[in-house]
**Student:** 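Okay, here's the structure, questions in a sec.
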Amino acid sequence: MRTPMHDLFSELKAAVADAVREVAADPALGVPIENPPDPKLGDLATPVALGLARTLRRPPREIAAQIAARLEALPGIAGVEVAGPGFVNLRVDRGAALRRLLEPDRPTARRPGKLVVEHTNINPNKAAHIGHLRNAVLGDTLVRCLRALGHEVEIQNYIDDTGVQVADVVVALRELAGLDEQGFAGMVERAEQRVAEGRGGGIDHDLWDLYARVSAWYAEDAARERHRAETLAALEHGEGDIARLGARVAREVVRCHLRTMDRIGVRYDLLPKESDILRHRFWQAAFERLKQTGAIRLSTEGKTAGCWVMNLPHDEEGDSEHEYEKVIVRSNGVVTYVGKDIAYQMWKFGLLDRDFDYRPFALFRYPDASLWETAPPGEGVADHPPFGGASRVYNVIDVRQSYLQRVVQRGLEVQGFTDQARESIHFAYEMVALSPRTALELNPELELDDDERRRPFLDMSGRRGLGVKADDLIDRLEAKALEEVRSRDPGLSAQDAQRIAHDVACGALRYYMLRFTRNKIVAFDIDAALAFEGETGPYAQYACVRVRRIVEKLSERSGISADEVLAGLPEAEFAAIPPDQQLDHWSLVLLATRLPETVRAAVDHLEFATLARYAFELAQAINAFYHRFPVIREPDERTRTARLAILVVAARTLERALALMGVAVPPRM
RNA sequence: GCGCCAGUAGCUCAGCUGGAUAGAGCAUCGGUCUUCUAAACCGGCGGUCGCAGGUUCGAGUCCUGCCUGGCGCGCCA
């Protein structure tokens with residue numbers, strides 16, 4: 001994929017900043033360079049004179065004029081103006097900019113260090129739901145952007161195969177369904193048959209229903225809780241019938257999750273498993289270090305007496321007066337979840353002097369890439385890529401885990417791993433809930449009181465039968481997209497129509513999951529998610545398709561190939577555009593130069609809604625341009641070429657922005 | 001009780017480190033297909049930016065207090 005991440009105006013911006021610093025006689029001055037709200041004002045702008053006015057005690061416009069005079073001499077600057085309260089507005093050489101954009105991309109420079117991105121992390125006991133989709137799409141988009149910026153990235157999907165959730169479904173299988181491992185294998189076989197025939201979901205869908213029943217079963221008789229505890233202990237111990245059934249359940253469900261995520265283009269490099277963290281005794285290694293460094297201490301008094309605890313500040317500021325004790329090892333000697341998490345985080349940075357064994361994940365394979373899982377000691381293969389050892393770790397986990405993520409981070413810090421603590425990044429995002437309308441649509445029997453009906457969203461708790469399976473949503477999107485595709489082009493082959501419908505459905509879904517800022521609760525609404533109009537993935541895809549069609553039509557009419565049509569574009573001259581249309585044409589070019597800075601800002605702030613919004617704005621601009629300025633019908637050849645070149649530059653940029661979000665553009669739609 | 005997040009148009013949301021007239025989408029009303037695909041375009045309607053103070057040339061954005069809603073704060077995971 002071609003992803004030019006160099007900023008077209010980076011040299012120019014640096015030169016402007018230097019010149020301003022010279023005028024201000026302040027070599028350390030920060031010079032903000034912005035994009036003016038209206039292209040009529042200029043291409044780049046700096047409000048720096050407004051800030052200087054205070055320190056220099058002179059009118060801002062006077063300072064601005066002085067800066068403007070100095071900037072006029074800079075190469076690449078076509079004009080400088082002082083405007084408003086004291087903005088300095090710059091106009092750049094348009095012809096040169098268009099030529100640069102039409103040049104072949106320079107390869108992106110590789111950056112040192114490996115980054116680990118952990119995302120998805122679904123409990124392997126039932127089907128993925130829409131909340132998991134938000135996690136996976138955010139994580140996958142982060143990965144795509146990091147790679148585009150030149151980083152080496154390892155994608156980990158952590159599998160908690162020995163936790164309570166798996167234990168509960170194992171209890172349900174044994175006690176409610178009366179199945180052993182053999183029986184479960186039969187159930188899986190029937191499910192896979194169903195999937196192969198396109199009649200429904202995999203075993204994860206069966207377990208979704210089964211799991212929904214088990215909490216009620218526990219509630220009926222308090223004595224039944226014993227099953228949960230025994231099963232959990234068996235899973236952790238790792239031997240015997242129950243452990244084998246648990247491992248099997250986890251493997252089969254993970255296979256289903258991988259299949260679901262693969263449908264929307266989300267893939268992984270490694271599946272680290274909780275069971276292997278236990279078998280490789282990661283915690284024991286971390287425990288020694290934590291004790292040695294004094295990061296944790298044995299509490300001797302108070303309610304934590306007998307526990308190993310870590311001292312933590314009460315608030316975000318690290319106010320040391322209000323510290324409290326966080327239990328890491330219980331008084332019965334059993335490590336807590338956070339304790340294991342600290343050990344796992346240490347491994348990710350290569351701070352633990354031990355490693356997993358690894359083997360290819362046999363149940364699910366990508367056609368052109370390998371997928372690895374961790375293995376118990378002695379069960380891995382000799383030849384595997386190096387895993388872990390990251391210089392930075394992104395954990396994509398919902399915001400409710402913020403506190404625990406801070407504990408993990410603190411766990412590294414108090415051991416003296418301050419760099420790694422700083423590079424432990426919690427990519428937090430808000431929950432996905434359901435709009436009341438959608439909750440009712442999915443479950444008409446649901447009784448909502450007046451208060452609930454008025455709320456913007458409802459929590460999708462499993463108990464009330466709320467929740468939307470990821471597969472079901474994707475199915476509905478594909479079916480709806482297929483209907484739309486068919487109605488537009490009845491002549492398409494079934495296979496082509498299917499393929500386009502898939503791209504459209506996936507584009508709609510991924511865009512929907514990205515369009516809200518991350519600390520906004522998504523009130524999931526089926527109708528809004530299924531929409532293909534307005535601010536949606538398909539809207540943006542369509543803009544690209546239309547530009548491609550122009551190239552195709554030109555190719556048909558002139559008898560030369562589409563590639564040859566494109567090969568002629570570097571000849572385009574911006575000056576061939578009629579003067580009264582230049583501003584409108586230039587605005588589109590200018591917008592297309594902003595992808596790199598948008599991607600960098602998105603990664604820096606971990607806010608991909610800005611990238612989604614950029615894509616939408618670019619699509620809007622392309623569509624409006626498309627209507628106003630015909631290409632094929634344009635009689636003047638030079639104007640036609642320039643116009644096409646601008647449209648192609650914009651569409652290519654949009655396509656790249658979409659690719660970074662995992663949204664593919666179909667050949668037609 | 002403490003902490004985090006949210007409160008902007010009828011609805012759903014943007015608004016980058018305080019900066020030029022507060023923007024989109026949906027909904028609604030009215031236009032635009034013999035034309036490069038109308039999954040589109042153009043226009044209208046619609047806002048005391050939760051409330052009250054403060055900081056300054058300038059506040060949706062920063063500070064303080066308050067109100068409303070959500071989440072978190074466990075020898076659960």
Side-chain angles (χ1 to χ4, degrees), chain A residues 30 32 34-38 41 45 47 50-51 53-54 59-60 83-87 89 123 160 163-165 167 232 274 299 303-309 314-317 322 324 326-332 334 336-338 340-341 398-404 428 430-431 433 435 455-457 459 481 484-485 488-489 504 515-517 519-523 525 527-528 531-536 538-539 541-543 545-554 597-598 601 604-605 607 609-610 612-613 616-617 620 623-634 644 647 668-669:
Chain A
E34 309 173 336
N35 304 315
D38 185 340
L41 296 166
L50 295 166
R54 193 173 317 178
F87 288 95
N89 293 336
N123 270 303
D160 184 7
V164 191
Q165 297 235 17
L232 188 57
E274 161 107 344
S299 173
K303 50 185 178 181
T304 60
C307 299
W308 286 87
V309 300
H314 234 299
D315 58 9
E316 197 86 12
E317 310 304 317
H322 298 91
Y324 71 104
K326 173 69 191 171
V327 173
I328 303 298
V329 182
R330 303 176 183 107
S331 55
N332 65 6
V334 178
T336 59
Y337 175 81
V338 239
K340 281 184 282 190
D341 240 27
D398 76 64
V399 69
R400 293 177 306 186
Q401 302 257 26
S402 292
Y403 164 71
L404 290 173
E430 264 293 354
M431 308 306 299
S435 70
R455 280 189 210 167
F457 53 82
D459 191 20
E484 189 79 31
V485 170
R488 280 160 194 283
D489 194 348
V504 170
R515 59 179 283 203
F516 306 99
T517 49
N519 50 12
K520 203 92 189 174
I521 296 171
V522 173
D525 187 90
D527 296 328
F532 297 151
E533 293 170 2
E535 192 185 339
T536 65
Y539 174 88
Q541 290 171 316
Y542 187 55
V545 168
R546 292 174 120 182
V547 175
R548 281 193 198 165
R549 288 290 292 160
I550 296 175
V551 175
E552 279 175 35
K553 276 269 158 67
L554 276 172
E597 64 193 57
T598 305
D604 288 349
H605 304 134
E607 190 51 88
T610 54
R613 188 153 283 268
F616 174 66
E617 279 170 15
Q620 265 186 323
N623 275 328
F625 188 95
Y626 177 96
H627 278 270
R628 283 190 62 190
F629 305 109
V631 174
I632 293 174
R633 210 154 27 92
E634 169 58 43
L644 180 66
L647 217 33
R668 58 181 58 207
M669 60 188 281

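Proteins get letters first, then strands, A, B, ... in listed order; numbering begins at 1 in each.
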**Student:** Mind checking ring pair (Phe, Tyr, Trp, His ring centres under 6.0 Å) for A/F516 and listing every partner two or more places apart, or none if nothing turns up?
**Tutor:** A/Y512
**Student:** Return the value, rounded to whole Å, for the distance between atom CD of A/E617 and atom C1' of B/A24.
**Tutor:**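 It is 8 Å, rounded to the nearest whole Å.
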**Student:** Could you write out RNA chain B as a dot-bracket string, with dots for unpaired bases, | for bases paired across to another strand, and Watson-Crick or G-U pairs counted at under 3.5 Å?
**Tutor:** (((((((..((((.....[...)))).(((((.......))))).....(((((..]....))))))))))))....
**Student:** Mark up nucleotides 37-42 of chain B, 5' to 3', with B wherever a protein heavy atom is under 4.0 angstrom from a base atom, S wherever such an atom reaches only the sugar-phosphate, and - elsewhere.
**Tutor:** BSBBSS
**Student:** Applying a 4.0 Å non-hydrogen cut-off, can you work out what A/N123 is touching in the nucleic acid: base, sugar-phosphate, or nothing?
**Tutor:**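 Nothing: the residue A/N123, judged by heavy atoms under 4.0 Å, touches no strand.
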**Student:** In whole angstrom, what separates A/D398's CG from B/G70's P?
**Tutor:** 17 Å
**Student:** Short question: side chain of A/T336, backbone of A/I328 - any donor-acceptor pair under 3.5 Å?
**Tutor:** yes
**Student:** By the rule that syn is within 90° of 0, classify the base conformation of B/C33 as syn or anti.
**Tutor:**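 This nucleotide is in syn.
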**Student:** Quick check on B/C73: is either OP1 or OP2 less than 4.0 Å from any side-chain nitrogen or oxygen of A/K326?
**Tutor:** no
**Student:** Sequence neighbours excluded, which residues qualify as ring pair (Phe, Tyr, Trp, His ring centres under 6.0 Å) partners of A/F532?
**Tutor:** none
**Student:** Quick one: on RNA chain B, does A/L41 or A/R330 contact a more 5' nucleotide (nearest heavy atom)?
**Tutor:** A/L41
**Student:** Determine the contact category for A/F87: base if any of its heavy atoms lies under 4.0 Å from a base atom, sugar-phosphate if only primed atoms, P, OP1 or OP2 are that close, otherwise nothing.
**Tutor:**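 If one applies the 4.0 Å heavy-atom cut-off, A/F87 turns out to touch a base.
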**Student:** Mind calculating the distance between CD1 (A/I521) and P (B/C4) to the nearest angstrom?
**Tutor:** 17 Å
**Student:** Please confirm whether the shortest side-chain N or O distance from A/R515 to OP1 or OP2 of B/C26 is below 4.0 Å.
**Tutor:** no
**Student:** Applying a 4.0 Å non-hydrogen cut-off, can you work out what A/A428 is touching in the nucleic acid: base, sugar-phosphate, or nothing?
**Tutor:** nothing
**Student:** Indicate, with a heavy-atom threshold strictly under 4.0 Å, whether A/V399 touches base, sugar-phosphate, or nothing.
**Tutor:**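 The answer is nothing, as A/V399 stays clear of every strand by at least 4.0 Å.
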**Student:** By the 4.0 Å heavy-atom rule, please label A/L554 as base, sugar-phosphate, or nothing.
**Tutor:** nothing
**Student:** Reckon A/S331 touches a base, only the sugar-phosphate, or nothing at all at heavy-atom distances under 4.0 Å?
**Tutor:** base
**Student:** Are any of A/N332's side-chain N or O atoms less than 4.0 Å away from OP1 or OP2 of B/C75?
**Tutor:** no
**Student:** Can you check the A/F616 CZ to B/C13 P distance for me, whole Å?
**Tutor:**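 About 16 Å, once rounded to whole Å.
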**Student:** Using a heavy-atom cut-off of under 4.0 Å over every strand shown, decide if A/K520 touches base, sugar-phosphate, or nothing.
**Tutor:** sugar-phosphate
**Student:** Could you say whether A/A83 or A/F629 is positioned toward the 5' end of RNA chain B, judged by the nucleotide with the nearest heavy atom to each?
**Tutor:** A/A83
**Student:** Using atom P of each nucleotide, how far apart are B/C62 and B/C26 to the nearest Å?
**Tutor:** 30 Å
**Student:** Report the residues that fulfil side chain to side chain donor-acceptor pair (under 3.5 Å) with A/E533, sequence neighbours left out, ordered by chain and then residue number.
**Tutor:**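 Applying side chain to side chain donor-acceptor pair (under 3.5 Å) to A/E533 gives none.
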**Student:** Please enumerate all residues that pass ring pair (Phe, Tyr, Trp, His ring centres under 6.0 Å) together with A/Y542, with sequence neighbours excluded.
**Tutor:**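 A/Y542: no ring pair (Phe, Tyr, Trp, His ring centres under 6.0 Å) contacts found.
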**Student:** Over all strands shown, is A/N89 touching base, sugar-phosphate only, or nothing at heavy-atom distances under 4.0 angstrom?
**Tutor:** base
**Student:** Base, sugar-phosphate, or nothing: which does A/Y337 touch, judged by heavy atoms less than 4.0 Å apart?
**Tutor:**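 Touches a base.
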